[in-house]
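Everything quoted here is computed from the prediction, not taken from an experiment. Reminder, nothing fancy here: chain letters follow the sequence lines and each chain counts from 1.
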Amino acid sequence: MNMVYQQIDGGARFYFALAVLTMIMALGAAAAHYMELEGHHVTGMTNQVVWGVPHVFAVFLIIAASGALNTASIASVFGKAGYKPLARLSGLLAVALLVGGLTVLVLDLGRPDRLIVAMTTYNFKSIFAWNIFLYTGFLLIVAVYLWMMFEPRMNRYIKPGGLVAFLWRLILTTGTGSIFGFLVARQAYDAAIMAPMFVIMSLAFGTAMFMLIWFAACAWTGVVVDAELARRLKNLLGMFIAAVLYMSLAYHLTNLYATEHHGYERFLLLEGGAYTALFWFGHVLIGGVFPLLLLFSPAGRSTSTIALAATLVVAGGLAQVYVIIIAGQAYPMPLFPGMTETSTFFDGVVAGYSPSLYEIGLGMGGVALSLLIVVVALRVLPFFPHSTGSRSTADSESAAASAG
Amino acid sequence: MKGKRVPQSGGAGLARREFLAKAAAATLLSLAPGIRLVDLAMAREADVPVSEQVRWGMLVDATRCAEGCTDCVDACNTEHGLNGSGRPEIDAQYIRKLDLTDPATGRSFSLPMLCQHCETAPCVDVCPTGASFRRADGIVLVDKHICIGCRYCMMACPYKARSFVHENLTDQVPSTPRGKGTVESCNFCVHRVDRDRRPACVEACSGAGHDALVFGDMNDPNSQLSRQLQEVSSRQIRADLGLNTGVRYHGV
Ligand code: SF4
Ligand code: SF4
């Protein structure tokens, strides 16, 4: 069964998308430039909250990238032919999201001009340095994997290629989670569960992003969304959402078990103001409960309901990452547990952070860059199938699910 | 260069070494003018490299540290040219006064918190480029030329000892080069230590008569620091992390 792929048309719609995305990207670039020129004092960051909104976007995009590859993995590694037509799109989205996320990360450095230093001088003890390899490696591997899909002579290597990409992305997300897991002194991050939690989050965010892009491409090309495939991906998404909620529960329960972390839990779950709100409304309700209800309600069969649920997952995911990154820093690190601490350096108090427009601009610029890559690639290369067709759906759900 | 001050401890040996160093630098000056600055900064017994035999450290005696006194902080700011921007949440603080109260007993005391010059320093471990490094003699530094400003070290430091340079700098002090977009922290006044002088905070504290800070070589059993550490009880802050800090505290 030979799948026929197409490019999206280059009409007014294409140029309009191009113009809008380029504009947002340019604003992001201008914001980054201003931050570099003026110094980070124009941002919301301080010596207490050193990673701000750009990191929220970057981490979200990076882990979503890994999850976006899920569809391709299911097709090649787990041999589910039904997913195969979308494997190219899945690989493309993975690359695009990672490039967007990395760009934000780099532009938020104090010295983005020293990128070359970061690429040439390594401290191999640093998990951060390892991540540089994981990210560049991922781009390379997915690029080769895509080439195997595009080049008929290479098709037979798709399976091993897909397997390498699949394993690599698991390591990549584990690595990203470990960036936080290694911060032993900070109450919010001192948890081994950080890494697996990031893997599960990546599956949920990535699948949600993928479904949105898939639906959009269908609308653009006039291809009818394959209802069967949508149903399966939707079920998968639902499972991932539930798993994220479970992981979050496990994380906070284990924290509640350790007395030394009670302070942080109390802060986050009850008294943290905006963080508490983001946790309960953003992460738990908008990113978890609502989309689950939508997906498994009778209306959950319609594409628009699924799209709404996926959008909620993305919004809730951003809230969750925000809470993990920012609240984790805002909560004071105890130097003398049990004592009250005060200083001119904000010891013992919850640090304030309010994101600046520049940081939000930079983050949005990264998202725009990712989308721009997708749109342009869809235009110049045949990434998108003419139809996903309704092929044999004998593949069992459970096997697909085990891709997680 | 900064005006020279008379070293407060060490006596004749110190003065002689300083003299020799300067003489050597002066000779170099006549040979190659460009080298002078560099050589003077390394003037510590030019033929002896920084050695592992030495481990610089500090003892903070909280019982002598006066509440409300900020002499060490002020001296540090002057020494390193840390002229604040007026926004304390972004201003660099290499050393800060921490006021503590035990809610159970009501006892309160005060002490300076600074980079603890950890032996297994988390900042060094996490730094992707190796900009954060530990000198053989135990002093933890940031190489401002390869720091990319990722701030991972700030996330990792348990003592919140590091600051990020948020803004364009003016009036820098030559002995403490700083850079916008890079991270910095207490360097034990390495430029002084290399010339056998004590860090500015230590000098200021004893100058004010408090003598709450003792600086010296932890590996030299005869140093004042080692003798004090043998005599009085002391502890590491967050000893649970097992970092073997170079700064120890008494009376906490
Ligand atoms: S106190 Fe912080 S900055 Fe200083 S060596 Fe230890 S981890 Fe590094
Ligand atoms: S901010 Fe600089 S010193 Fe700190 S971890 Fe990053 S590169 Fe290393």
Next on the checklist: Centroid separation under 6.0 Å, is that true for the rings of A:H261 and A:H252?
Outcome noted: no
Item to check | A:G44 backbone acceptor or donor facing A:E359 side chain under 3.5 Å | outcome: yes
Next on the checklist: Tell me if the OH atom of A:Y135 is crowded by more than 12 foreign heavy atoms within 6.0 Å.
Outcome noted: yes
Item to check | Residue from A:T174, A:T176, A:T173 passing side chain to side chain donor-acceptor pair (under 3.5 Å) with A:S66 | outcome: A:T173
Next on the checklist: Please classify the contact of A:F336 with chain B as side chain, backbone, both or neither, using a heavy-atom distance under 4.5 Å.
Outcome noted: side chain
Next on the checklist: Give the interface residues of residues 117-133 of chain A toward chain B, defined by a heavy-atom separation under 4.5 Å.
Outcome noted: A:V117, A:A118, A:T121, A:Y122, A:N123, A:K125, A:S126, A:I127, A:F128, A:A129
Checklist entry - Is the backbone of B:K180 close enough, under 3.5 Å, to the side chain of B:K144 for a donor and an acceptor to pair up by distance? => result no
Item to check | Heavy atoms of other groups near A:M364 CE, more than 12 under 6.0 Å | outcome: no
Checklist entry - Are there residues of residues 106-114 of chain B that reach to under 4.5 Å of chain A by heavy atoms, and which ones? => result B:F109, B:L111, B:M113
Checklist entry - Got a sec, which pairs hit side chain to side chain donor-acceptor pair (under 3.5 Å) with one end in residues 339-349 of chain A, sequence neighbours left out? => result A:S343-A:D347, A:T344-B:Q93, A:D347-B:R96
Next on the checklist: For the backbone of A:W51 and the side chain of B:R151, can you confirm whether one donor and one acceptor N or O come within less than 3.5 Å of each other?
Outcome noted: no
Next on the checklist: Please check: side-chain N/O of B:Y159 versus main-chain N/O of B:I237, any donor-acceptor pairing under 3.5 Å?
Outcome noted: yes
Next on the checklist: If we ignore hydrogens and angles and just use 3.5 Å, is the side chain of B:S206 paired with the main-chain N or O of B:V202 as donor and acceptor?
Outcome noted: yes
Checklist entry - With respect to chain A, which residue among B:S163, B:G179, B:P122 yields the maximal number of heavy-atom pairs within a distance under 4.5 Å? => result B:S163
Item to check | Salt-bridge contact B:R87-B:E167 (side-chain N to carboxylate O under 4.0 Å) | outcome: no
Item to check | Most contacts with chain A, counted as non-hydrogen pairs under 4.5 angstrom, among B:S132, B:G130, B:P103 | outcome: B:P103
Item to check | Heavy-atom pair count under 4.5 Å with chain A, highest-scoring of B:H145, B:R162, B:M155, B:K160 | outcome: B:M155
Checklist entry - How would you list, by chain and number, every residue that makes a ring-ring contact (aromatic ring centres under 6.0 Å, His included) with A:Y189, sequence neighbours excluded? => result A:F180
Checklist entry - Between A:D108 and chain B, which part of the residue has a heavy atom less than 4.5 Å away: side chain, backbone, both or neither? => result both
Item to check | Segment of A:L335 engaging chain B (4.5 angstrom heavy-atom cut-off) | outcome: both
Checklist entry - Do the side chain of A:T43 and the main chain of A:H40 share a donor and acceptor less than 3.5 angstrom apart? => result yes
Checklist outcome for this item: If you tally heavy-atom pairs under 4.5 Å between each of A:M333, A:M35, A:Q48, A:M45 and chain B, the highest tally belongs to A:M45
Checklist entry - So, the side chain of A:Y275 versus the backbone of A:I326: is there a donor-acceptor pair under 3.5 Å, distance only? => result no
Checklist entry - Quick one: of B:A92, B:C127, B:C157, B:P88, who has the most non-hydrogen atom pairs under 4.5 Å with chain A? => result B:C127
Checklist entry - Between A:L37, A:V49, A:T46, A:N47, which residue shows the highest count of heavy-atom pairs closer than 4.5 Å to chain B? => result A:N47
